[in-house]
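Written out below as structure tokens is the structure these notes cover.
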Amino acid sequence: MSLSERRHEAPISLPSPSQSLARRAALAMAVASAALLAGCGSVMPNTGNQRVLGGPIVYTQVGRGDPTIVLQSGLGDGRDPWAAVLQELRPHHSVFAYDRPGYGDSTATPPTPRSPCGIATELHELLKSAGIKPPYVLVGHSIGGLYQYAYSRLYPDEVAGLVLVDATHPMHLRRMQVEVPLMANMLDSMSRRVFRGMTQAEFNMQQECVDALLQKPRPDVPVRVLTRTVYSPMEAASGFEAMVHGLEPNWLPLTGAARLQPVEGSGHYIQRDKPEVVVEAIDEVTREARERAAAKERAAKAADVASAPEGTVTR
């Protein structure tokens with residue numbers, strides 16, 4: 001039911017206990033969502049930036065090795081939620097993390113649309129500007145997972161692997177509007193009063209282009225889909241938890257993942273609650289990506305040998 005429709009409800013009708021609980025749950029969820037959106041400077045080292053309209057897009061690049069691990073944060077977050085994961089990865093991998101425009105140390109206000117496709121395109125240009133060559137292992141949390149999924153569909157040849165960390169499903173908002181409409185309406189109202197700048201733009205544009213992505217090729221790469229297991233009583237009572245669980249299996253056909261990986265004892269920020277699980281998933285995907293690349297190279301060399309004229313020496 002929309003907000004305009006609820007205005008015409010009879011004013012004397014009182015909510016049932018279950019409706020009242022659902023409203024409290026929805027309000028608490030909306031407030032909690034807004035509370036997560038406090039931006040601040042990053043504790044991660046600034047190793048480079050790209051100058052664009054309004055200022056820089058600042059990033060951290062550490063470690064060495066191929067493929068590079070590219071970290072993407074959720075709505076309102078800069079690089080900091082990845083700090084523990086980055087520290088574990090940097091001795092063995094090349095890792096890239098950045099603050100999207102409007103977050104953390106990135107004061108840029110580029111004209112690029114703040115839709116999933118727009119942000120994926122922006123990341124593509126940022127990596128190119130930073131001199132970081134593909135393919136990449138893309139890692140994304142929350143709406144950042146949606147952005148990395150968009151990247152994988154727009155630039156499949158640049159992707160070596162994908163790790164989704166309690167990612168926002170492309171149909172998340174639409175399903176919420178249908179299955180948990182009270183929460184969806186309250187979150188929409190809260191977003192218009194609390195969200196500002198890039199955060200508001202990303203929230204408003206999160207559904208744009210997601211349908212078109214289905215028409216794009218899906219990369220054949222190793223994938224891990226990590227999901228949380230800890231929900232608050234209010235999330236359960238409102239129907240939000242059930243809605244999320246209903247969407248999660250669809251990540252398998254969308255990404256080619258073999259299975260979901262629920263992370264016991266973790267809430268939405270798995271990279272903070274269980275960083276070792278995220279690191280292990282990234283290690284596994286990276287190892288599989290390297291093995292596939294090596295096998296492809298061996299096959300190419302074998303094909304060269306088979307096609308070479310008799311007596312030709314190949315290297």
Would you compute the distance between atom CD1 of Ile119 and atom CD of Gln148 and round it to the nearest 0.5 angstrom?
10.5 Å
Determine yes or no for a side-chain-to-main-chain donor-acceptor pair under 3.5 angstrom, with Ser142 supplying the side chain and Gly74 the backbone.
no
Under a 4.5 Å cut-off applied to non-hydrogen side-chain atoms, are Val277 and Gln261 in contact?
yes
Under 3.5 Å, side chain of Ser189 to main-chain N/O of Asn185, donor-acceptor pair present?
no
Does Arg100 come within less than 4.0 Å of Asp77, counting only side-chain N to carboxylate O?
no
Carefully, step by step, assess Tyr151 and Gln72 under the rule side chain to side chain donor-acceptor pair (under 3.5 Å).
CA-CA 11 Å; Tyr151 195 115; Gln72 181 70 277; over 6 Å; no
Do Leu226 and Lys274 have side chains that get closer than 4.5 Å, going by heavy atoms?
no
Does Tyr147 use its side chain to pair, donor to acceptor, with the backbone of Pro116 at less than 3.5 Å?
no
Does Arg64 have any salt bridge (charged side-chain N to carboxylate O under 4.0 Å, His left out) partners at least two apart in sequence or in another chain, and if so, which?
none
Roughly how far apart are Thr227 OG1 and Glu248 CD, rounded to 0.5 Å?
4.5 Å
Are Asn46 and Arg79 linked by a side-chain donor-acceptor pair shorter than 3.5 Å?
yes
Carefully, step by step, assess Leu75 and Thr199 under the rule side-chain contact (heavy atoms from CB on, under 4.5 Å).
CA-CA 6 Å; Leu75 187 69; Thr199 302; 4.0 Å; yes
On a heavy-atom basis, the closest approach of Gly65 and Ser94 is O-CB, 3.2 Å
State, yes or no, whether a side-chain contact exists between Thr60 and Val62 at a heavy-atom distance under 4.5 Å.
yes
Side chain to side chain, Val159 and Pro135, heavy atoms closer than 4.5 Å
no
Which residues pass the ring-ring contact (aromatic ring centres under 6.0 Å, His included) test with Tyr136, sequence neighbours left out?
none
Only pairs at least two apart or in different chains count here, so list each side chain to side chain donor-acceptor pair (under 3.5 Å) that has a residue in residues 47-58.
none
Are the side chains of Pro56 and Thr107 in touch, meaning some heavy atoms are under 4.5 Å apart?
yes
Give the C-alpha distance, both sets of side-chain angles, the deciding distance and a yes or no for side-chain contact (heavy atoms from CB on, under 4.5 Å) between Ile143 and Gln206.
CA-CA 8 Å; Ile143 203 169; Gln206 63 184 285; 3.9 Å; yes
With salt bridge (charged side-chain N to carboxylate O under 4.0 Å, His left out) as the rule and sequence neighbours excluded, what pairs involving residues 151-170 come up?
Asp166-Arg228
Do you know which of Ile69, Val221, Val95 makes side chain to side chain contact (heavy atoms under 4.5 Å, CB included) with Val137?
Ile69
Nearest 0.5 Å, please: how far is OG in Ser129 from OH in Tyr59?
6.0 Å
Does anything in residues 278-287 pair up under salt bridge (charged side-chain N to carboxylate O under 4.0 Å, His left out), and if so which pairs, sequence neighbours excluded?
Arg224-Glu284
Is there a path of hydrophobic side-chain contacts, each under 4.5 Å between heavy atoms of I, L, V, M, F, W or Y residues, that connects Leu127 with Val58?
no
Start with the C-alpha distance between Lys128 and Lys133, add both sets of side-chain angles, then the distance that settles side-chain contact (heavy atoms from CB on, under 4.5 Å), and finish with yes or no.
CA-CA 7 Å; Lys128 183 178 178 181; Lys133 296 180 179 180; over 6 Å; no
Sequence-distant partners of Arg259, salt bridge (charged side-chain N to carboxylate O under 4.0 Å, His left out), two or more places apart:
none
Quick check: closest heavy atoms across Tyr155 and Ala120, and the distance to 0.1 Å?
CE1-O, 4.1 Å
Using the rule that Ile, Leu, Val, Met, Phe, Trp and Tyr join whenever any side-chain heavy atoms are under 4.5 Å apart, tell me whether Met171 and Tyr149 fall into a single cluster.
yes
Any donor-acceptor pair under 3.5 Å linking the side chain of Thr255 with the backbone of Trp251?
yes
Enumerate the residue pairs fulfilling salt bridge (charged side-chain N to carboxylate O under 4.0 Å, His left out) with a member in residues 106-122, sequence neighbours excluded, ordered by first and then second residue.
Arg114-Glu122
In short, Ala108 meets Val52 closest at the heavy-atom pair CB-CG2, 3.2 Å
Tell me the closest heavy-atom pair linking Val180 and Ser238, and the distance in Å.
CG1-O, 3.5 Å
Can you name the ring-ring contact (aromatic ring centres under 6.0 Å, His included) partners of Phe203, sequence neighbours left out?
Phe195
What are the two closest non-hydrogen atoms of Cys117 and Leu213, and how far apart are they?
SG-CD2, 3.7 Å
Only counting residues at least two apart or in another chain, list the ones meeting side-chain hydrogen bond (donor to acceptor under 3.5 Å, both in side chains) with His172.
none
To the nearest 0.5 Å, what is the distance between CD (Glu179) and CE (Met176)?
10.0 Å
Using the salt bridge (charged side-chain N to carboxylate O under 4.0 Å, His left out) criterion, which residues pair with Glu264? Sequence neighbours excluded.
none
Partner residues of His92 under the ring-ring contact (aromatic ring centres under 6.0 Å, His included) criterion, sequence neighbours left out
none
Decide whether Leu126 and Leu53 are clustered together by the hydrophobic rule: side chain heavy atoms of Ile, Leu, Val, Met, Phe, Trp, Tyr closer than 4.5 Å, transitively.
no
Does a side-chain heavy-atom distance below 4.5 Å link Trp82 with Val165?
yes
In sequence, state the C-alpha distance, the side-chain angles, and the governing distance for Glu297 and Lys301, and then conclude on side-chain contact (heavy atoms from CB on, under 4.5 Å).
CA-CA 6 Å; Glu297 184 176 354; Lys301 288 182 178 179; 3.7 Å; yes
Would you name the heavy atoms of Leu162 and Ser152 that are closest together and state the gap between them?
CD2-OG, 4.4 Å
Phe240/His245 under ring pair (Phe, Tyr, Trp, His ring centres under 6.0 Å): CA gap, chis, key distance, verdict
CA-CA 9 Å; Phe240 178 80; His245 288 325; 9.5 Å; no
Would you compute the distance between atom CG of Asp99 and atom CD1 of Ile57 and round it to the nearest 0.5 angstrom?
10.0 Å
Donor-acceptor under 3.5 Å (Thr229 side chain, Val263 main chain):
yes
Taking Ala184's backbone N and O only, do any of them form a donor-acceptor pair with Asp188's side chain (distance below 3.5 Å, no angle check)?
no
Quick one: CG on Leu247 to CZ on Arg174, what's the gap to the nearest 0.5 Å?
11.5 Å
Going by heavy atoms in the side chains, are Val70 and Val139 under 4.5 Å from each other?
no
pair Arg175-His169: side-chain heavy atoms closer than 4.5 Å
no
Among all residues two or more places apart in sequence or in another chain, which pass the ring-ring contact (aromatic ring centres under 6.0 Å, His included) test with His93?
none
